[in-house]
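All values reported here derive from a predicted model rather than from experimental measurement. Chain letters run A, B, ... following the sequence lines, proteins first, then strands; residues in each count from 1.
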Number of protein chains: 4
Amino acid sequence: MLAEMTGLNEECGVFGVFGHPEAIQLTYYSLHSMQHRGQEGAGMVISDQVHMQQVKGEGLVTEVFHEDLLKTLSGSASIGHVRYSTAGGGGYENVQPLFFKTHTHSLALAHNGNLTNAIAMREQLERDGSIFQTSSDTEVLAHLIRKHNSLSFKDQIKQSLPMLEGAFAFLIMTEDQMIAALDPLGMRPLSLGKIDGAWAVASETCAFDVIGAEYVREVEPGEMVIIDDEGIRSEYYTKQTERALCSMEYVYFARPDSNVDGLNIHSTRKMLGKQLAKEAFVEADVVTGVPDSSISAAIGFAEESNTPYELGLIKNRYVGRTFIKPSQELREKGVQMKLSPVRKIVEGKRVVMVDDSIVRGTTSKKIVSMLREAGAKEVHVRISSPPITNPCYYGIDTSSAGELIAAKRNVAEICQLIGADSLSYLSIDGMLEAIGRPSSMKNCGQCLACFTGNYPTEIHDHTVRPHEKISLI
Amino acid sequence: MLAEMTGLNEECGVFGVFGHPEAIQLTYYSLHSMQHRGQEGAGMVISDQVHMQQVKGEGLVTEVFHEDLLKTLSGSASIGHVRYSTAGGGGYENVQPLFFKTHTHSLALAHNGNLTNAIAMREQLERDGSIFQTSSDTEVLAHLIRKHNSLSFKDQIKQSLPMLEGAFAFLIMTEDQMIAALDPLGMRPLSLGKIDGAWAVASETCAFDVIGAEYVREVEPGEMVIIDDEGIRSEYYTKQTERALCSMEYVYFARPDSNVDGLNIHSTRKMLGKQLAKEAFVEADVVTGVPDSSISAAIGFAEESNTPYELGLIKNRYVGRTFIKPSQELREKGVQMKLSPVRKIVEGKRVVMVDDSIVRGTTSKKIVSMLREAGAKEVHVRISSPPITNPCYYGIDTSSAGELIAAKRNVAEICQLIGADSLSYLSIDGMLEAIGRPSSMKNCGQCLACFTGNYPTEIHDHTVRPHEKISLI
Amino acid sequence: MLAEMTGLNEECGVFGVFGHPEAIQLTYYSLHSMQHRGQEGAGMVISDQVHMQQVKGEGLVTEVFHEDLLKTLSGSASIGHVRYSTAGGGGYENVQPLFFKTHTHSLALAHNGNLTNAIAMREQLERDGSIFQTSSDTEVLAHLIRKHNSLSFKDQIKQSLPMLEGAFAFLIMTEDQMIAALDPLGMRPLSLGKIDGAWAVASETCAFDVIGAEYVREVEPGEMVIIDDEGIRSEYYTKQTERALCSMEYVYFARPDSNVDGLNIHSTRKMLGKQLAKEAFVEADVVTGVPDSSISAAIGFAEESNTPYELGLIKNRYVGRTFIKPSQELREKGVQMKLSPVRKIVEGKRVVMVDDSIVRGTTSKKIVSMLREAGAKEVHVRISSPPITNPCYYGIDTSSAGELIAAKRNVAEICQLIGADSLSYLSIDGMLEAIGRPSSMKNCGQCLACFTGNYPTEIHDHTVRPHEKISLI
Amino acid sequence: MLAEMTGLNEECGVFGVFGHPEAIQLTYYSLHSMQHRGQEGAGMVISDQVHMQQVKGEGLVTEVFHEDLLKTLSGSASIGHVRYSTAGGGGYENVQPLFFKTHTHSLALAHNGNLTNAIAMREQLERDGSIFQTSSDTEVLAHLIRKHNSLSFKDQIKQSLPMLEGAFAFLIMTEDQMIAALDPLGMRPLSLGKIDGAWAVASETCAFDVIGAEYVREVEPGEMVIIDDEGIRSEYYTKQTERALCSMEYVYFARPDSNVDGLNIHSTRKMLGKQLAKEAFVEADVVTGVPDSSISAAIGFAEESNTPYELGLIKNRYVGRTFIKPSQELREKGVQMKLSPVRKIVEGKRVVMVDDSIVRGTTSKKIVSMLREAGAKEVHVRISSPPITNPCYYGIDTSSAGELIAAKRNVAEICQLIGADSLSYLSIDGMLEAIGRPSSMKNCGQCLACFTGNYPTEIHDHTVRPHEKISLI
């Protein structure tokens, strides 16, 4: 429930393909398959080797790209982006890919992740006379690249990336070249694929499945993959690398049918659910998951605990941007929109409600209360990840620690606050075991900052002014 | 998969509330909860006891009703409709409620179902000088009512309804009265509820849950429920009644959290899946359902057959009206949009794929093929209802028998056509037992016409001109 | 200034063409040329001899008809309408042509004018069971036609028209026939033309000029012109005819380049201005007209009085539907939008301001005050028509006599109210002489009701309930 | 006819007001009154002393600014712009005011005119690492300002303006200051006014009239007018000044009710018409002007030549963006949209057709032919300005000399090409005398480059690459 009901900012999704006659269509369908990674805006930049064109807009992929519009475009290389604003706020100009033209050539940038020194870098660049067009952290890279414009394009980037701090998976395109680059800790997923001989890059492998592309490998931490007419080659802008992939990709963010760094998401979540059942079994009549992201964990929990899995909560499709919010008065009378409990399923029953995470706790409290009103005899909440005690500065942006229910409360207090009969979280060790990533020493291969407070990078903008609200403008 | 992927016309959803200060808002949320019953159009007519106002349009509930618009309305009685054109074709004028004004009073009509003598009735009325405004079968009732305009409003309706043939659940409203009426066989569901002392009527009980209304009882076949300032009273326009509720409401149409004639849909579907597992067990590694409507049956099948239930197929949310269809070329290359198989789940596995029904077979064929391409070793299709061998004339409108794959083929032939390793349907008796409705002699309490060809009513328009395409204009 | 600045309802414009391969395009351009006759709505109905299609909408011709839309249509006969609601109020359903379908054939109606017994007729028809679709007076004719549906189409109309009272120019079309009919007094203009061998009918001759059609003759009072594949023929549904053409067509309504009943509008208005100069000369420095409709009269006045004609008032183009009205505060500070005085032209000058009419006087008062603020030494108002003392029931609908400034005030009082140095109207005799229509005894060939109160027809709806606000619903 | 029918790019209009509580509304009405100066886009930037907000869009003032939108804004200082793309091409990002944010403050720019060294300046800035956001020449100034960001804001501008070449009237705004600046030759008009104690600046005085502001004086060539909370003060960024105001402002561009550099436009045009009649009298029956911009000259011609002035040509209002162009076939049949000749006025007559200018000649040819088809016996074309023989690089952008009909043809040849009986242009001396500006030696106070080829400034971008199509990107 983390993303969908808390208003948290999230990560984004990027896709690129180089040297395919259907580049535009492929980008459309791939972005569409990653729509869950960002519903605020979508865009693509296309190159026909000589000219580049941009189409972007606020809204869903199907709202931004219309058939008539795509027909006016042509090109064989394309990068695209779906956005859930991580930094910089909303507005058309912040929708990516960012696109810049100079009298010599053009430049497009698509970014998944969040820089942690963007404010400092921007202030320095502005003092030197740069004018920024957006309030996006991503634009910093464009100005750094231009400052090095005496070098080759590849070297402009090679010189610029080490100046950035934080999490990033970048797709960067000029008329005749595409470069995919990952931060030194590989905090964001980025996969390489192939379709009809052309190379493709995507945040999630479901983007490959939907277009019939073949998965090849992950882009590595610190790596720059350079794709052009001569084919593909790899360089490293730093050798100081190690993997610290975001745990939340496994817990709730990626699509069940994607594989992240080689692990299938549905299976991993089912394992998280099974592990949770081992750690926190409770005698019950039904197990139900909070749709959509907790279904797999709930199935795993049910299987492991030998309790029937049922649809105790129904999600209302069709709640979009234009949906009219119920008045306070009606809400108090019980008008419920996004989720409905199924009375006949839960009435008189002991219910295990499996969710993937708790952020502020307000949603969990609401669901527990809904289930009770529908007649549940007992409600046992089981969370398939550890308590979130610290803000994320890498893209899953819980603006401040103050809002996190687990920042200053123990499990018993949270249980009481959300009104459950019992509450259990998955342990950190249990989570690591269930996911089963190869454990490198320092980071276990994955970032645990939101559970532990140990941030794997510098977080410059946040340490310099810890009490300010961080904003690029 | 019946409704969502075949282009079949479906039934609609109606809602009414009388004497509630929030009538407009309640109608909005109730219609929204029944959005699955019709995405083509939505409308409501509101009365403040003196004047009536109409808002309607093509599209989804959230597209038709905007906050600014609803603010301009006032009234304490309202009827609403979501439409999936059953008869009469598209167009703004056919969106319901139909609304008529005369110099004495106004009249609004909302209809779920399909009349089978509308063409004959319309021709007769036109010969007498009537001018129709729509190509909807529903308008016939309005003209019949006006032809009896010397009687009281209730008696106008009482005289008119017996002239209609087919399936209907009507909500009829004037400035100061609302009447709910059901056809003599009760082929469509219609429930009566109560909220804050006001009476409400809805096609599905999920509409009550979402607004916090309390379910009271079903409207009976042949009954007219009359609601006005003096309260509620019941009359019967015919005593020749018996129940023949549409089986498809249970099989795929209603929402899992609704209760239809007292039976919960999720539980009923799970029973259908269990019964199917008893009748057609097969050794397999995973059971997967075709989302969304077959999930419950798949869970039941898995539980009964002791096979793990997995998310082997993922449905892509966000495929709306403006989605760009892939070119034939891309489709052949494997671009798949609405459903994606999950390779890591099905690869090398024996898969049971549970679906609720097969209409033309094209969708089933596509899914089977998808699963095989994702690496499934075997695909066993299990259908949680009997073969559909005959067209429905009551709202679930399979235009002609010619399109029904089961009309002239046996199960073995269908199995071959869709490319499955094995195919089994649920038996009629198995279905009846799993649903478990109280069996009245002739109709077992439910309509089986699409499985048997025994139509429980006259089907005048279709027998007079069996070879013509039926159209009101 | 009558139409544009008072909010008065006005007449409409109709156009029809039969048997031309470009019927749709011709209708578009003709309606566009008559846009001044109605900016509230536009529509056309097209026939390809077998099917009829309708396109209509609220707004301007260029807003309603888009290229993509017109491309979907085909047909060789078409009737069209531009609407400025005369009766029945706004709303999509009242936009004309009205279009009705029955199981035998279709019927389209376009009407310029206003019936004076529509309410009485409608009540009678509703008592007999008819259901009206609109609140337009025009629909009465459709029901009368259908009530006679045992006759030939032509005879249905021939029987129906004599039951109507008031002003009307009708275009009526079925799949294979078009009928143009005029009321017995010919109160509205209706001209017959020819293009590439096909017959055309239009409210104003500018519609012919714009498409290169040739003017043939006027449709006569009481005449029905019947056009079909066999050519054109004329019948009379009544012999009780006489001409009483609306004077206001000459004074302000028609376009300067049109000829109404053979007389050019610009030339006629110039004659009205000359006659006015003869009757009410005043020593002055400049003559200026209120744009656009009074320019011709002002030029005539200037020429006759030998005073320089100048652009003392400028009309702001681009004031459309979406224009934001200035706040009361800003208006008091002098924010002026539709008309601006030209300071350098009027400063220190004695100004003759020629206008075509005064309805409520508020606009005239505003303009006089504007001119004074811009420095005019004297402002002499000259009106190129007689005082309007009575409401019009035939389409130029001054809702009630109470609003007419001249209903209960003499010229001196009006002069004082609008703040002019002097005010003169044209005399009725002067107007008749300047226009120079052949004088038939009773009506001088033109309707003078708004100047005299002598209505040339029965005005049933207005005499039965003189104190009610007249409304069809 | 220059602007409206040739597709030429034109100048723009700017407006600013500082320190008025109704700044937003005043900007709206002022821009609206200058709509004739640019219909492609409109925008405003508002400051409340602390924050600045921007609203802009493609389309008309009434299309871009909606009431709901303006209500969300607040501020007491505002600059606005209406745009007819002079340089840089279309697109949202080029709509002005341009608006830039840095971490220290914001900057808004509105520009009327055209720089002639923008390309060279941009290339230099990009080589130094600047990234441009638009293809507008105006953006060059923003980067120059930022390069000087160690100075005070006023001095940043004072250092930057001398680096620009060409025609410009700039409004520049930060949170707390507004600066109006004119190029050293004052090629574009810019007036200073006052309203309720607040200072206002506008391209045309009609903008003052419409809001009730009082005209104070012209901004001078080379002057920077600095407005802030301390009031107004004037500085000069250069002393090398002299006036060379664009002649076309008088001939056709400005509104008749504006005064440009103190001279009323309607009166000036009437004088041009009178002078033309003196130079090129012809015996005729009627004088008619091509609406709207040639009406004043035609009235002058008629008065001087003692020939009746008539409405021989009618302009069709309502021809907007969405108007459907007639097919070639229909155009050949005579479908005429923007202008209609009035047959009854010109039939059998000797007609003088007064127009303000001829650019490519295609429009003139069309009008002459229209008049002949409407029956004119003779058509004598009289142009109230000299022949345009050279392209304008200052905002009235006749892309290349090749398109100018007078570039390589004498008057007799042009007369024959447009099919007139006779053709005369106003002489340069006659034009200067009629306008009557105080004659400074070199430039007569006005720019004559398009008539003479003597450009009063360097035209760097056009001399360096005379054969290229000039484009900023």
Between [X] and chain A, with a heavy-atom cut-off of 4.5 Å, which part of the residue counts as in contact: side chain, backbone, both or neither?
X: Gln35(B); result: both
X: Glu310(B); result: both
X: Leu313(B); result: neither

Spatial distance of atom [atom1] ([X]) from atom [atom2] ([Y]) [nearest 0.5 Å]:
X: Met370(A); Y: Asp209(B); atom1: CE; atom2: CG; value: 11.0 Å
X: Ser327(A); Y: Gln25(B); atom1: OG; atom2: CD; value: 5.5 Å
X: Arg343(B); Y: Asn264(A); atom1: CZ; atom2: CG; value: 11.5 Å
X: Ile314(A); Y: His266(B); atom1: CD1; atom2: NE2; value: 8.0 Å

Residue among His66(B), Glu67(B), Lys270(B), His32(B) with most heavy-atom pairs under 4.5 Å to chain A: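 Most pairs with chain A among the choices: His32(B).
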Choice from Leu26(B), Asp196(B), Val61(B) maximising heavy atom contacts with chain A below 4.5 Å: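 Result: the option with the highest number of such pairs is Asp196(B).
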Leu70(A) portion near chain B, given a 4.5 angstrom heavy-atom threshold: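 Contact with chain B involves the side chain of Leu70(A) alone.
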Segment of Glu303(A) engaging chain B (4.5 angstrom heavy-atom cut-off):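 Just the side chain, heavy atoms under 4.5 Å.
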Top contributor to chain B contacts, counting heavy-atom pairs under 4.5 Å, from Pro256(A), Ala374(A), Pro326(A):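 With the most close heavy-atom pairs to chain B, the winner is Pro326(A).
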Test item: [X] and [Y] side chains (from C-beta on) under 4.5 Å apart, heavy atoms:
X: Asn316(B); Y: Arg255(A); answer: yes
X: Ser296(A); Y: Leu311(B); answer: yes
X: Ser340(B); Y: Asp257(A); answer: yes

Side-chain donor or acceptor of Lys344(B) paired with backbone N/O of Gly262(A) under 3.5 Å: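 At least one qualifying donor-acceptor pair exists.
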